[in-house]
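Just so we're clear, the structure is a prediction, and the values are computed from it rather than from any experiment.
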Amino acid sequence: MENQTRSIVIIGGGIIGCTTAYYLSRHPSYSPGTTSITILEASVNGVAQGASGKAGGLVAKWAYPRELVDISYPEHVKLAEEHNGSERWGWRFVSCGSWEGHGEDLGDSGSGVGKGGKKKGLEKTLGLENSPTTRREIGLPDDLLWVKENLTTSYSPMSGPDGSAQVHPYLFTTSMLELATEKGVQLISGTATSIEREGRRVTGVTYRESKGSGNVTTIPATHVILSAGAWSPSLVPSLPISATRAHSVTIRPENTASITPYVLFTEIQLPSSASKKRPRIVTPEIYARPDGEVYACGPGDDSRLPENVDEVVVDKDACQSIREHVASISRDLRDGEVQKQQACFLPAVSVGDGPIIGEAGKIAQGLYIATGHTCWGICNAPGTAKALAELLFEGQIRSGNLKRLSPSKFL
């Protein structure tokens, strides 16, 4: 297999596609003389325009599925050490905890209701328990000063000091692309319209140019990796992938030095108001980043998936609610400037635990699937990419047992 000529086309320039390109280009069997690698990205704005650029960026040993995390987490550490990830993509270990408490009354603007339909939890938080009310008794760390102590009911660490880390997802994704292109990987701007086959084997990918004339072209391929996230079923309709829209905001506090490195999974009881007669619970996630920026996201919704990532609609009301919710427990966030209001779609496997990783031989030889990573795509990208590189170049996954995630279990 080492001397085989390969033309590899990766559909999707998100965190999975770009990281896979990196690992393929670093595999010992890779040679630009015998192997070509092309990433096909639908957005006219480049890679990482969906969830890969708009996620929180949490990397955790306690994430799921366990067998994939066990590969991914040490790979994240290795990548950061090898490529100066702390400077290049904001890599750092971070304290992560569950925060429970009360929010201050900010008026009626934070309704918590957007236009996306039924709200969905993103299934990342852990259960919380009530605690006494002094800082030491409630477990609130001495350096976590950007949430109000008097509003805190309890704080519980979710992992040890080396069990949680973070990256800036857009910077990580674009860095993987840059490092891959150094080894000869090419990026094409176009929307894949079909995966071509002859008999039982893939032969290419047909796409429509995203820029310019919009011409339709076919790239020859011996291997196709489908990593288009929530859009993957548009090319393989039998994939059991559903899409959840998630909103987020980024806030720049006036005093960024006060924002110590914590990721908080909150449970905030908001007071009753004129429109809400009873107190209600909201659960935003809050991520402090190395540059002082703070990222916050709310629940997901079942809004319709558009045809292209560039057509994702941002519900300003949902973003405003997130801002109000986190501002209700933090003066720093209340006084900070909202810099981004954004939305993305998370892909999830609708018939069981995912993601789906491996060769889809039942559909076509040479077709590989890598999608359904839910909110853990950033965390699990290196493990997915390493496994695919092993599978494609060596014929089997050597770094772990991912049989439970094989396409044969879902298709």
Short question: side chain of E390, backbone of S399 - any donor-acceptor pair under 3.5 Å? yes
Whether S330 side chain and L333 backbone form a donor-acceptor pair below 3.5 Å: yes
May I ask you to test the T153-H102 pair for a side-chain heavy-atom distance under 4.5 Å? yes
Are the side chains of T181 and L187 in contact, using a 4.5 Å heavy-atom criterion? no
Using a distance-only test with no angle check, is there a side-chain donor-acceptor pair under 3.5 angstrom linking H83 and Y22? yes
Pair W99-S154, side-chain donor/acceptor within less than 3.5 Å: no
Is there a donor-acceptor pair closer than 3.5 Å between any side-chain N or O of E359 and the backbone N or O of G366? yes
Under the criterion ring-ring contact (aromatic ring centres under 6.0 Å, His included), I'd like the reasoning laid out for W62 against Y64: C-alpha separation, chi angles, the key distance, then a yes or no. CA-CA 7 Å; W62 43 267; Y64 59 84; 9.1 Å; no
Quick check: closest heavy atoms across L388 and A370, and the distance to 0.1 Å? CD1-CB, 3.7 Å
Tightest non-hydrogen contact, residues Y73 and S164, listed as OH-N, 3.5 Å
Taking atom types as modelled, find out whether E104 and S328 have a side-chain donor-acceptor pair closer than 3.5 angstrom. no
Is the backbone of I11 close enough, under 3.5 Å, to the side chain of S227 for a donor and an acceptor to pair up by distance? yes
For the side chain of E100 and the backbone of E267, is there at least one donor-acceptor N/O pair under 3.5 Å apart? no
Determine yes or no for a side-chain-to-main-chain donor-acceptor pair under 3.5 angstrom, with T222 supplying the side chain and S7 the backbone. yes
Applying side chain to side chain contact (heavy atoms under 4.5 Å, CB included) to V294 and I286, what does each step give before you reach the verdict? CA-CA 7 Å; V294 177; I286 310 174; 3.5 Å; yes
Within the 3.5 Å criterion, strictly below it, is a donor on Q269 or R280 matched to an acceptor on the partner's side chain? no
With no hydrogens and no angle check, just 3.5 Å: does a side-chain donor-acceptor pair link E196 and S194? yes
Looking only at side chains, do H373 and T384 share a donor and an acceptor under 3.5 Å apart? yes
Donor-acceptor check, side chain of T260 to backbone of D143, threshold 3.5 angstrom: yes or no? yes
Return yes if some donor-acceptor pair links the side-chain N/O of E178 with the main-chain N/O of M176 below 3.5 Å, else return no. no
Minimum-distance pair of heavy atoms, taken over all atoms of P271 and G103: CD-O, 3.2 Å
For residues E394 and H27, is any side-chain donor paired with an opposing acceptor at under 3.5 Å? yes
Distance alone, cut at 3.5 Å: any donor-acceptor contact between the side chains of S52 and T173? no
Should R252 and E337 count as an ion pair when the cut-off is N to O under 4.0 Å? no
Given side chain to side chain contact (heavy atoms under 4.5 Å, CB included), test T244 with D301 step by step and report yes or no. CA-CA 6 Å; T244 297; D301 64 52; over 6 Å; no
W89: which residues meet the ring pair (Phe, Tyr, Trp, His ring centres under 6.0 Å) condition with it, sequence neighbours left out? F172
Evaluate side chain to side chain contact (heavy atoms under 4.5 Å, CB included) for D310 paired with V44, printing each intermediate quantity in order. CA-CA 8 Å; D310 294 335; V44 298; 3.5 Å; yes
Take F410 and V349 through the test side chain to side chain contact (heavy atoms under 4.5 Å, CB included) and record every step on the way to the result. CA-CA 9 Å; F410 303 93; V349 177; 3.7 Å; yes
Quick check: closest heavy atoms across D317 and D315, and the distance to 0.1 Å? N-OD1, 3.0 Å
Run the salt-bridge test on D162 and K61 with the 4.0 Å N-O cut-off and return the result as yes or no. yes
Step by step, work out the side chain to side chain donor-acceptor pair (under 3.5 Å) result for T218 and T206. CA-CA 4 Å; T218 299; T206 298; 2.7 Å; yes
Look only at the side chain of S238 and the backbone of L411, and say whether a donor-acceptor pair between them is shorter than 3.5 Å. no
Checking K386 now: which residues fulfil salt bridge (Lys or Arg N to Asp or Glu O under 4.0 Å) with it, not counting sequence neighbours? E75
Between R334 and E324, does any NZ, NE, NH1 or NH2 come within less than 4.0 Å of an OD or OE carboxylate oxygen? no
Do the side chains of K148 and D332 get close enough for a salt bridge, i.e. N-O under 4.0 angstrom? no
Tightest non-hydrogen contact, residues P65 and N380, listed as CD-ND2, 4.0 Å
Hydrogens and angles aside, do S98 and S156 bring a side-chain donor and acceptor to less than 3.5 Å of each other? no
Out of curiosity, E41 CD to I39 CD1, how far, rounded to the nearest 0.5 Å? 9.0 Å
Kindly say whether A288 contributes a backbone atom to a donor-acceptor pair with the side chain of Q166 at under 3.5 angstrom? yes
V59 to H76 - nearest heavy-atom pair and separation: CG1-CD2, 3.5 Å
Quiz question: by atom type and distance under 3.5 Å, do the side chains of E285 and T266 form a donor-acceptor pair? no
